[in-house]
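Chain A is the first sequence line, chain B the second, and so forth, proteins listed ahead of strands; every chain is numbered from 1.
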Protein chains: 2
Amino acid sequence: MLTRALEQQLNFLREIDRLKTVLRQSPLLDRSRKENSAEHSWHLAMYALLLQEHAGGPVNVSRVVQMLLLHDIVEIDVGDFPIHGGSSPAQQAEQEARAAARLFGLLPPEQGDRFLALWQEFEGAESEDAKFAKALDRFQPLLINVFTGGGTWTENGVSMEQVFSRYGPVIQRGAPGLWAVCEVWVGQHFAG
Amino acid sequence: MLTRALEQQLNFLREIDRLKTVLRQSPLLDRSRKENSAEHSWHLAMYALLLQEHAGGPVNVSRVVQMLLLHDIVEIDVGDFPIHGGSSPAQQAEQEARAAARLFGLLPPEQGDRFLALWQEFEGAESEDAKFAKALDRFQPLLINVFTGGGTWTENGVSMEQVFSRYGPVIQRGAPGLWAVCEVWVGQHFAG
């Protein structure tokens, strides 16, 4: 029977299909096109499953995966804010909070509240789970740039110092061992 | 430090980027293009998080999500076998098993074995987790067809009886409540 709750859940699942049409700045590794936010979220969830041993503290990988699956859903309303785009963080946070309220508000209240709280925890970047999720969300595009010979760094004229300051603190905080590897790659990239 | 294990994990994460270029038969809901298998896997993981109460038996949703995240990775080597394509199930199973061995074989052995076992459990469709995951993997494309006015059914001249026989048993077995709703929609679609 199509209950009210199931109807709300299916409406939400239809609505988030649109995340497949939100384009990020990063290319696919084969450089054939830009990555979209839905497939990016899938890839990040795989990163979490594989790399949990590199988290800076004790994490619940199932919660990290959930956070990463839904972390970009707000982009359905507000689009992707590029890391090298110079947008205002306060304005971005306000727009994203409004989008989260609308989107998770489509769900049955208890479920919507739980998802909203998980999204807020990710944004807050204070819990061990959120710090690790945030670190992976920076690590994956850094890897893309390294593996595609520059990617969004070359496009945006980003310097090595800017890479260190824009990626370093977040990755180091949530996954220090991964940042140690990044430092070597980034150094090699800009020396090369 | 870039250990051998981390190097293997990153090689795997690079390799599976290619799942973003494997196209399925189903369109996006806005019909702008075909869906790819990476974003399909993301969407299915969201279905599992939201709809776990509709599973036919007790499930561990974290394992179901993991299964769904990796269930299509073999398509990197063998492509998507369409449900209405008439391919040989035995040949498909053999090709996919070879692909799974190669891809999960890129990982550190213990991790690769764990992922391979999870993929085999999904394919086996015997555990409660696998039955629910399989049901969602049929439910999502059925919804797309209903919501896009026919989708791959119209394209392939599929009859109502074929829809019932190709989707029904798998969805009913893993998520009987969802199948009850599907029956109504499918009936309405073919009557309309």
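- A:Q172 places no side-chain N or O within 3.5 Å of a backbone atom of A:W179 that could act as its donor or acceptor partner.
- Chain A forms the most heavy-atom pairs under 4.5 Å with one residue out of B:L19, B:T21, B:L29, and that residue is B:L29.
- Of the listed residues (B:H54, B:R14, B:E183), the one with the most heavy-atom contacts under 4.5 Å to chain A is B:R14.
- For the set B:N36, B:V65, B:T3, B:V61, the count of heavy-atom pairs under 4.5 angstrom toward chain A peaks at B:N36.
- The candidate with the highest count of non-hydrogen atom pairs below 4.5 Å against chain B, out of A:S32, A:A5, A:G177, A:S62, is A:S62.
- Proximity to chain A (any heavy atom under 4.5 Å) is shown, for B:I144, by neither the backbone nor the side chain.
- Contact annotation: the side chain of A:Q188 approaches that of A:W185 to within less than 4.5 Å [non-hydrogen atoms, C-beta and beyond].
- Using the six-membered ring where Trp is involved, B:H84 and B:Y167 have ring planes that are tilted, between 30° and 60° apart.
- A donor-acceptor contact under 3.5 angstrom links the side chains of A:E75 and A:S37, judged on distance only.
- There is no contact between A:L44 and chain B, counting heavy-atom distances below 4.5 Å.
- At a 4.5 Å heavy-atom cutoff, the contact between B:Q140 and chain A is made by side-chain atoms alone.
- Ranked by heavy-atom pairs under 4.5 Å with chain A, the list B:L2, B:V181, B:L13, B:L28 is led by B:L13.
- Across B:M46, B:H40, B:E35, the residue that shares the most heavy-atom pairs under 4.5 angstrom with chain A is B:M46.
- Across A:W119, A:W42, A:F122, a single residue satisfies ring pair (Phe, Tyr, Trp, His ring centres under 6.0 Å) together with A:H71, and that is A:F122.
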- Message: Please determine whether side chain to side chain contact (heavy atoms under 4.5 Å, CB included) holds for the pair A:L103 and A:E15, giving the CA-CA distance in whole Å, both sets of side-chain angles, and the decisive distance to 0.1 Å.
- Response: CA-CA 8 Å; A:L103 286 157; A:E15 183 73 6; 3.7 Å; yes
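- For a residue to count as touching a neighbouring chain, one of its non-hydrogen atoms must lie under 4.5 Å from one of that chain's; by this rule B:M1 touches chain A with the backbone only.
- The greatest number of non-hydrogen atom pairs below 4.5 Å with chain A, out of B:E39, B:Q111, B:Q66, is found for B:E39.
- Ranked by heavy-atom pairs shorter than 4.5 Å toward chain B, the options A:L70, A:L6, A:D30 are led by A:L6.
- The part of A:E53 that comes within reach of chain B is its side chain, from C-beta onward, which places non-hydrogen atoms under 4.5 angstrom from that chain.
- Tested against B:F81, the residues B:E96, B:Q25, B:Q91 include a single side chain to side chain contact (heavy atoms under 4.5 Å, CB included) partner, B:E96.
- For a residue to count as touching a neighbouring chain, one of its non-hydrogen atoms must lie under 4.5 Å from one of that chain's; by this rule B:R33 touches chain A with the side chain only.
- Residues B:S26 and B:N145 bring no donor and acceptor atom of their side chains to less than 3.5 Å of each other.
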- Test log, rule side chain to side chain donor-acceptor pair (under 3.5 Å), inputs B:D129 and B:S127: CA-CA 5 Å; B:D129 292 345; B:S127 70; 5.3 Å; no
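- Top candidate by heavy-atom pairs under 4.5 Å with chain B, chosen from A:L178, A:L143, A:L10, is A:L10.
- A:E126 has a carboxylate O that lies under 4.0 Å from a charged side-chain N of A:R173, or vice versa, which qualifies the two as a salt bridge.
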